[in-house]
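What follows is one structure encoded as structure tokens, with my remarks underneath.
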Amino acid sequence: MIGTPAAVRVWQPNLRLLLFSGLMLPLLLGLGIWQLDRASEKTRQLELWRRQAEQLDWSVLWQQQPQSGQPVVLSGRYGDHSWLLDNRTRDGVAGYEVMTLFHPVAGPPVVVNRGWVRAPARRQNLPVFPTPQGELRVAGRVADFPQPPVLAQTPPGPQSGWPRRVQTLAPADVAVLAPGVANRIVRLESPLQPGAFRADWVPDRMGPQTHYGYATQWFLMAAVLVVLTVFASYRRPPAYDQKGTPITTKGANNDNDNG
């Protein structure tokens, strides 16, 4: 047999395969890097969550640009204005999260998320709940204002009195009643806090290890894509007989069939 030995492969790339790999490789690498960023973010959040010993009073913490997850203690009183954050469920039951304006002894007013309450059977009715009176002391964690994405604005419910049903809540909405309100809220740390309802907040269950695992998967897929692309681009050149005619698999099968 004349020609290159069958075991030797030469570089013969497929343009369509290279184009596909060129599009997919940046995507896979980008997803892996994104998961690494998410893992770093979760690590920072968990570190803040574990800093129990560094619980600060609101009069000190608000001057330090508090970050989400930091523990804090509030001394002051609940105000008369509460918002009911709509579309919140627990164990498949519809309800609201009660957001009440809190007036600290020192520092700017702040909205306190007091936890979840069950919604009445009829949509037009709002839940009735008690609010402690007088000066008290509550512990919680700093959180962002709840501004979930909504596809359309729904009727906010009765607006002539309090509480008021809302889909989202922003600092600007509260500033109408309390100028200078903090741009973060405080979630009560447990149902045992004064004025708390079902305040069973927990960190995101998807920890940094999960994101590292996802990142590893994306990077492995990128590596497999590169290996397969390189392997598929090296092909065996055609073999020739003594007359210089290419020997194909189909021809070989026909020869065998003819005996």
Side-chain angles (χ1 to χ4, degrees), residues 40-86 88 90 95-117 126-148 161-205:
S40 299
E41 180 182 350
K42 290 296 179 62
T43 300
R44 290 192 298 269
Q45 291 177 353
L46 288 176
E47 182 62 26
L48 286 174
W49 191 269
R50 292 166 181 159
R51 287 166 57 187
Q52 296 285 353
E54 298 182 21
Q55 192 177 61
L56 298 177
D57 191 270
W58 179 246
S59 61
V60 176
L61 184 61
W62 74 274
Q63 303 180 47
Q64 303 178 2
Q65 297 182 348
Q67 302 298 313
S68 295
Q70 286 187 263
V72 64
V73 174
L74 295 169
S75 297
R77 61 179 181 82
Y78 285 111
D80 298 327
H81 304 98
S82 293
W83 295 263
L84 297 175
L85 190 61
D86 202 359
R88 300 290 166 153
R90 294 290 189 278
Y96 303 93
E97 288 181 9
V98 180
M99 319 279 291
T100 301
L101 187 60
F102 192 90
H103 300 277
V105 174
V110 60
V111 173
V112 172
N113 189 328
R114 299 165 58 188
W116 180 86
V117 295
L126 295 179
V128 178
F129 51 88
T131 298
Q133 301 297 312
E135 187 170 323
L136 43 81
R137 184 179 178 87
V138 297
R141 291 184 179 274
V142 177
D144 294 325
F145 264 81
Q147 298 186 53
W162 297 88
R164 294 180 180 176
R165 180 190 296 129
V166 294
Q167 303 295 316
T168 63
L169 190 63
D173 301 325
V174 185
V176 176
L177 300 170
V181 66
N183 61 356
R184 295 282 197 277
I185 68 169
V186 172
R187 287 177 170 176
L188 296 185
E189 69 176 9
S190 75
L192 301 179
Q193 294 299 313
F197 300 109
R198 182 172 174 178
D200 50 359
W201 320 113
V202 293
D204 193 333
R205 293 181 180 179

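In this chain, residues are counted from 1 in sequence order.
- Residue Q70 holds its CD atom at 9.5 Å from CZ of R184, rounded to the nearest 0.5 Å.
- Judged as a side chain to side chain donor-acceptor pair (under 3.5 Å), and not counting sequence neighbours, R77 has no contacts.
- With a 6.0 Å cutoff to the six-membered ring centre and a 45° limit on the axis angle, R114 counts as a cation-pi contact of Y78.
- For P146 against I185, the heavy-atom pair with the smallest separation is CD-CD1, 4.2 Å.
- Under the side chain to side chain donor-acceptor pair (under 3.5 Å) criterion, Q63 pairs with no residue at all, not counting sequence neighbours.
- Contact detail for F145 and L169: the closest heavy-atom pair is CD2-O, 3.2 Å.
- The NE2 atom of H103 sits 13.0 Å away from the CD atom of E135 when rounded to the nearest 0.5 Å.
- Panel note: side chain E189, backbone R187; no donor-acceptor pair is recorded below 3.5 Å.
- The minimum heavy-atom distance between Q167 and L85, with the atom names listed, is O-CD1, 3.4 Å.
- Looking at every heavy atom in both residues, R165 comes nearest to Y96 through NE-OH, 3.1 Å.
- Between L61 and the choices V142, L74, V73, the side-chain contact (heavy atoms from CB on, under 4.5 Å) rule is met once, by V142.
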ask   = What's the verdict on side-chain contact (heavy atoms from CB on, under 4.5 Å) for T100 and W162, showing C-alpha distance, side-chain angles and the deciding distance?
value = CA-CA 10 Å; T100 301; W162 297 88; over 6 Å; no

task = Take L84 and V98, measure what side-chain contact (heavy atoms from CB on, under 4.5 Å) needs, and give me the verdict at the end.
result = CA-CA 5 Å; L84 297 175; V98 180; 3.9 Å; yes

inquiry  = With side-chain contact (heavy atoms from CB on, under 4.5 Å) as the criterion, how do R90 and D200 come out once you've worked through the C-alpha distance, each side chain's angles and the decisive distance to 0.1 Å?
reply    = CA-CA 10 Å; R90 294 290 189 278; D200 50 359; 3.7 Å; yes

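- Shown here are the side-chain contact (heavy atoms from CB on, under 4.5 Å) partners of S59, two or more places apart in sequence or in another chain: D57, A106.
- Under the side-chain contact (heavy atoms from CB on, under 4.5 Å) criterion, W62 pairs with W58, P108, sequence neighbours left out.
- Checked against side chain to side chain donor-acceptor pair (under 3.5 Å), S190 has no partners two or more places apart in sequence or in another chain.
- For V181 against P171, the heavy-atom pair with the smallest separation is CG1-O, 3.7 Å.
- With rounding to the nearest 0.5 angstrom, the NE2 atom of H81 is 7.5 Å from the CG atom of L101.
- Contact annotation: the side chain of F197 approaches that of P130 to within less than 4.5 Å [non-hydrogen atoms, C-beta and beyond].
- The two residues P104 and P109 have their closest heavy-atom pair at CD-CA, 3.7 Å.
- Annotation: the span from W83 atom CH2 to M99 atom CE amounts to 8.5 Å, rounded to 0.5 Å.
- The side chain to side chain donor-acceptor pair (under 3.5 Å) test applied to D80 returns no partner, not counting sequence neighbours.
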